[in-house]
Undergrad: 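After the structure tokens below, expect a handful of questions from me.
What you see below is based on every heavy atom in this structure, not just the backbone, and it leaves out hydrogens, waters and symmetry mates. We number each residue from 1, following the sequence as shown.
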Amino acid sequence: EKALKVRMSKVSPLKHLVLGPPDLHDVMKFLAKYYFTRENIRLGVGFNTVSRNDEEIIQHCLELGVAVGSREQTGRLVGVILCCFITADSSWYSDETKCTSQAEVAATRIVNMAKSLVDLFEDPTVKKVLYLKASCVHPDYARQGICKKLLEMCVDLGVERGCQMAVGVTTSTYVQNICLELGYENRATLDLNEVKESLLDLSRVNNTKFIVITKHLSPNHKVISKI
């Protein structure tokens, strides 16, 4: 109880906002410290640094205007969700040729295995998809509703940009549960125990269930987040 009070004393009122190119340095620094060092697949393959490919993806998401974050009154970034768009004529598979190490190739290959389990455009009404690429909240603010708030903002942005579906691929049970609360459905599961190639060390992995979740977005969607 005392530890909880100490942690709560560090928490200050937050501002939730859409992030853009000027936020690149802050987002890179935040994700390098709190996301890439904790993400489950990267833990399994021993790849916990920020690659050039990661930098390009982060910059792309910020340029699209569908990255969101939470900042303290001091300006410190304490939460980030990166999103991008996928259309029927563009691939949502990660490009292995851009990887610069065997560990990065392994991580990319596993993510692509999970993605291959779902056809995002089997419904002909789906023309544009909002892809939730990464989500991270500062440990001081864990389980305080920030991730849910930011996910709601992402849906609002996706609807505004003409998306008919949102999709995420994650091993985080916490993110999975929040998405299910928000109306996403579990479309497919990749059991990492069944990955035949020796791509990762399962002793380092916290959750061996890699989930693909989707949510249909209606143009009549009621804006929840009030960005």
Undergrad: Restricting to pairs with a member in residues 65-106, which pass ring-ring contact (aromatic ring centres under 6.0 Å, His included), not counting sequence neighbours?
TA: Trp92-Tyr131
Undergrad: Measuring from atom SG of Cys163 to atom CG of Leu217, what distance do you get when rounded to the nearest 0.5 angstrom?
TA: 6.5 Å
Undergrad: Looking only at heavy atoms, which two atoms of Phe210 and Ala114 are closest? And how far apart?
TA: CD1-CB, 3.7 Å
Undergrad: Restricting to non-hydrogen atoms, name the atom on Val205 and the atom on Asp201 that form the minimum distance, rounded to 0.1 Å.
TA: CG2-O, 3.7 Å
Undergrad: Among Asn193, Asp191, Asn186, Thr189, exactly one meets side chain to side chain donor-acceptor pair (under 3.5 Å) together with Lys209. Which residue is that?
TA: Asp191
Undergrad: Can you tell me if Arg42 uses its side chain to pair, donor with acceptor, with the backbone of Thr49 under 3.5 Å?
TA: yes
Undergrad: What's the spacing between Met153 CE and Cys83 SG if we round to 0.5 Å?
TA: 10.0 Å
Undergrad: Tell me, which pairs form a side-chain hydrogen bond (donor to acceptor under 3.5 Å, both in side chains) where one or both residues lie in residues 163-180, sequence neighbours left out?
TA: Asn40-Thr171
Undergrad: With side chain to side chain contact (heavy atoms under 4.5 Å, CB included) as the criterion, how do Lys149 and Leu14 come out once you've worked through the C-alpha distance, each side chain's angles and the decisive distance to 0.1 Å?
TA: CA-CA 11 Å; Lys149 174 69 175 180; Leu14 301 179; over 6 Å; no
Undergrad: Minimum heavy-atom separation for Ala142 and Val137, please, with both atom names.
TA: N-CG1, 4.2 Å
Undergrad: Between Thr87 and Phe121, which heavy-atom pair has the shortest distance, and what is it?
TA: C-CZ, 3.3 Å
Undergrad: Enumerate, atom names and distances included, each donor-acceptor pair closer than 3.5 Å involving a side-chain atom of residues 55-64, sequence neighbours excluded.
TA:
from: Glu55; atom 1: OE1; to: Arg52; atom 2: NH1; distance (Å): 2.8

Undergrad: Determine, stepwise, if the pair Lys148 / Leu182 fulfils side chain to side chain contact (heavy atoms under 4.5 Å, CB included).
TA: CA-CA 8 Å; Lys148 183 176 182 180; Leu182 293 175; 3.7 Å; yes
Undergrad: Restricting to pairs with a member in residues 82-94, which pass salt bridge (Lys or Arg N to Asp or Glu O under 4.0 Å), not counting sequence neighbours?
TA: none
Undergrad: Could you walk me through whether Leu192 and Ile110 pass the side chain to side chain contact (heavy atoms under 4.5 Å, CB included) check?
TA: CA-CA 8 Å; Leu192 298 178; Ile110 293 168; 3.8 Å; yes
Undergrad: Looking at side-chain heavy atoms only, is the closest gap between Lys215 and Cys179 below 4.5 Å?
TA: no
Undergrad: Count I, L, V, M, F, W, Y as connected when their side-chain heavy atoms are under 4.5 Å apart, and connections chain through other members. Are Val118 and Val169 then in the same cluster?
TA: yes
Undergrad: What's the shortest heavy-atom distance between Leu43 and Thr37, and which atoms?
TA: CD2-O, 3.5 Å
Undergrad: Using the rule given for side chain to side chain contact (heavy atoms under 4.5 Å, CB included), can you reason through Val78 versus Asp140, listing the C-alpha separation, both sets of side-chain angles and the distance that settles it, and then say yes or no?
TA: CA-CA 8 Å; Val78 297; Asp140 285 351; over 6 Å; no
Undergrad: Any link between Leu132 and Ile213 through a network of hydrophobic side chains (Ile, Leu, Val, Met, Phe, Trp, Tyr) touching at under 4.5 Å?
TA: yes
Undergrad: Can you find a pair of side-chain heavy atoms, one from Val45 and one from Arg109, that are under 4.5 Å apart?
TA: no
Undergrad: Taking Lys127 for the side chain and Gly162 for the main chain, is one N or O donor matched with an acceptor at less than 3.5 Å?
TA: no
Undergrad: Which pair of heavy atoms, one from Ala67 and one from Leu82, lies closest together, and at what distance?
TA: CB-CD2, 3.8 Å
Undergrad: Measuring only between side-chain heavy atoms, which start at C-beta, is Ser94 closer than 4.5 Å to Lys115?
TA: yes
Undergrad: Could you check if a side-chain atom of Ser135 sits within less than 4.5 angstrom of a side-chain atom of Leu150, using non-hydrogen atoms only?
TA: no
Undergrad: Go through the side-chain N and O atoms of Lys98 and Thr108 and say whether any donor and acceptor fall under 3.5 Å apart.
TA: no
Undergrad: Pick out which of Ile178, Thr214, Val155, Val167 makes a side chain to side chain contact (heavy atoms under 4.5 Å, CB included) with Tyr184.
TA: Val155
Undergrad: Would Leu200 and Val212 show up in the same hydrophobic cluster when neighbours are defined by side-chain heavy atoms closer than 4.5 Å?
TA: yes
Undergrad: Which residue pairs pass the ring-ring contact (aromatic ring centres under 6.0 Å, His included) test with at least one member in residues 28-52, sequence neighbours excluded?
TA: Phe30-Tyr34, Tyr34-His138
Undergrad: Do Val105 and Val111 share a hydrophobic cluster, counting only Ile, Leu, Val, Met, Phe, Trp and Tyr and linking them when any side-chain heavy atoms are less than 4.5 Å apart?
TA: no
Undergrad: First locate atom CD of Glu122, then atom OG1 of Thr125, and finally report the distance between them rounded to the nearest 0.5 Å.
TA: 10.5 Å
Undergrad: Listing request: all side-chain hydrogen bond (donor to acceptor under 3.5 Å, both in side chains) pairs with a residue in residues 20-29, at least two apart in sequence or in separate chains.
TA: Asp23-Arg71, Asp26-Arg71
Undergrad: Any side-chain heavy atom of Ile81 sitting closer than 4.5 Å to one from Leu151?
TA: yes
Undergrad: Just by distance, with hydrogens left out, do Asn53 and Ser51 show a side-chain donor and acceptor under 3.5 Å apart?
TA: no
Undergrad: Do Ile211 and Met165 share a hydrophobic cluster, counting only Ile, Leu, Val, Met, Phe, Trp and Tyr and linking them when any side-chain heavy atoms are less than 4.5 Å apart?
TA: no
Undergrad: Is any side-chain heavy atom of Arg38 closer than 4.5 Å to a side-chain heavy atom of Pro139?
TA: yes
Undergrad: Going from NZ on Lys133 to CG on Asp54, what distance comes out if it is rounded to the nearest 0.5 angstrom?
TA: 9.5 Å
Undergrad: Does atom CD (Glu185) have a neighbourhood of more than 12 heavy atoms from anything else shown, all under 6.0 Å?
TA: yes
